[in-house]
Amino acid sequence: MERKALPVVLILVLLVLSVDLGCGGESGNNIFTVEDAAGIIEIEHGETFIVKLEENPSTGYNWHWTVGPEGVVVLDSEEFIAAEDEEVVGVPGRHEFVFRAEEAGEAEVVFQYYRDWEPENIAETHVFKLIVK
């Protein structure tokens with residue numbers, strides 16, 4: 001009887017893993033980091049996607065973004081998430097930007113990391129190239 005249950009258990013484990021990893025889900029594969037800026041990202045019209053970038057506001061640096069052309073993707077929300085160890089000063093956290101694909105077409109979301117009072121001194125730039133289907 002135990003031998004018959006093993007294949008069923010394996011199938012259930014695979015199903016749970018596929019759901020947990022976002023296979024077939026709308027948002028599971030739509031989380032991007034700086035590593036994803038090297039390629040082209042395809043998004044379906046109406047989908048949302050998240051860009052997560054490390055940020056350390058205690059240094060004065062923060063992320064500034066632009067989208068071109070306007071209207072293809074729009075920012076829904078953004079949030080800075082502090083590191084879990086909030087007692088340590090200067091520990092970087094992450095900034096999460098939630099965008100929505102509004103129109104079919106191509107767009108670029110450009111992130112630049114600089115201090116508000118020094119916009120000419122850009123420490124980092126990342127360009128996310130998108131195709132909205």
Side-chain angles (χ1 to χ4, degrees):
M1 178 127 160
E2 288 181 25
R3 288 183 182 231
K4 292 180 183 177
L6 185 61
V8 173
V9 170
L10 288 175
I11 290 171
L12 288 174
V13 168
L14 290 174
L15 285 173
V16 168
L17 286 175
S18 68
V19 170
D20 189 43
L21 295 175
C23 297
E26 183 177 314
S27 63
N29 295 326
N30 293 341
I31 298 173
F32 305 107
T33 63
V34 294
E35 289 81 20
D36 298 301
I40 296 175
I41 298 168
E42 293 185 3
I43 300 289
E44 296 292 325
H45 175 267
E47 280 188 335
T48 59
F49 62 96
I50 300 170
V51 176
K52 294 182 178 185
L53 301 171
E54 186 175 289
E55 184 176 88
N56 193 345
S58 69
T59 64
Y61 284 91
N62 54 30
W63 288 103
H64 301 81
W65 60 272
T66 57
V67 174
E70 289 184 21
V72 176
V73 296
V74 296
L75 182 71
D76 269 351
S77 65
E78 64 177 287
E79 176 184 16
F80 176 76
I81 300 168
E84 289 183 26
D85 190 0
E86 295 179 22
E87 294 181 19
V88 179
V89 177
V91 175
R94 72 178 183 276
H95 203 131
E96 294 186 3
F97 300 85
V98 179
F99 291 91
R100 185 174 12 85
E102 281 288 299
E103 298 176 4
E106 296 181 12
E108 289 186 347
V109 182
V110 179
F111 288 93
Q112 294 182 315
Y113 196 56
Y114 59 85
R115 294 177 171 134
D116 290 338
W117 62 91
E118 294 180 322
E120 68 281 355
N121 292 327
I122 299 168
E124 289 182 55
T125 300
H126 300 289
V127 180
F128 291 82
K129 296 180 182 190
L130 303 161
I131 297 176
V132 179
K133 298 180 195 178

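Computation of the quantities below employed the complete heavy-atom set of this structure, encompassing side-chain atoms and omitting hydrogens, waters and symmetry-equivalent molecules.
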### Task
Name the orientation class of the two ring planes belonging to F111 and F99 (parallel below 30°, tilted from 30 to 60°, perpendicular beyond 60°).
perpendicular
### Single hit among E42, H45, E47 for side-chain hydrogen bond (donor to acceptor under 3.5 Å, both in side chains) with K133
E42
### Nearest-0.5 Å distance that lies between atom CG in N121 and atom OH in Y114
11.5 Å
### Test item: N62 side-chain N/O and P57 main-chain N/O as donor-acceptor pair under 3.5 Å
no
### Query
Are any non-hydrogen side-chain atoms of T48 and N30 less than 4.5 angstrom apart?
no
### Pairwise side-chain contact, K129 with E106, heavy-atom cut-off 4.5 Å (strictly under)
no
### Query
Is there a side-chain contact between T33 and E54 (heavy atoms, below 4.5 Å)?
no
### Task
Looking only at non-hydrogen atoms, find the nearest pair between I31 and D36 and report the distance.
O-OD2, 4.0 Å
### Task
Run the ring-centre check on H126 versus F128 and record whether the distance is less than 6.0 Å.
no
### Message
Could you see if V110 belongs to whatever hydrophobic cluster contains F32? Use Ile, Leu, Val, Met, Phe, Trp, Tyr and a side-chain cutoff under 4.5 Å.
### Response
no
### Message
Would you say that more than 12 heavy atoms from the other residues, nucleotides or ligands in this model lie under 6.0 Å from the CD of E118, or not?
### Response
yes
### Atom pair CG (N56) and CZ (F80), whose distance is rounded to the nearest 0.5 Å
7.0 Å
### Summary
Rounded to the nearest 0.5 angstrom, the NZ-CD1 distance for K52 and I81 is 7.0 Å
### Message
Check for me, please, whether I50 and V72 land in the same ILVMFWY cluster - side-chain distances under 4.5 Å, paths through other members count.
### Response
no
### Message
Let me check something: do W65 and Y113 share a hydrophobic cluster, defined by ILVMFWY side-chain heavy atoms less than 4.5 Å apart, either directly or through other members?
### Response
yes
#### Entry: Donor-acceptor under 3.5 Å (E55 side chain, W63 main chain)
yes
### Message
Any non-hydrogen side-chain atom of E96 less than 4.5 Å from a side-chain atom of V98?
### Response
no
### Query
When rounded to the nearest 0.5 angstrom, what distance separates CZ in F97 from CD in E79?
11.0 Å
#### Entry: Side chains of V73 and V109 in contact at under 4.5 Å (non-hydrogen atoms)
yes
### Shortest non-hydrogen contact from V132 toward E44
CG1-C, 4.3 Å
## Note on the structure
For L75 and S77, the nearest pair of non-hydrogen atoms, with its separation, is CD1-O, 3.3 Å
### Query
Between A83 and P92, what is the shortest heavy-atom contact and its length?
CB-O, 3.4 Å
### Task
Looking only at non-hydrogen atoms, find the nearest pair between L130 and F49 and report the distance.
CD1-CZ, 3.6 Å
### Query
Can you tell me how far the CD1 atom of I131 sits from the CD1 atom of I40, to the nearest 0.5 Å?
5.0 Å
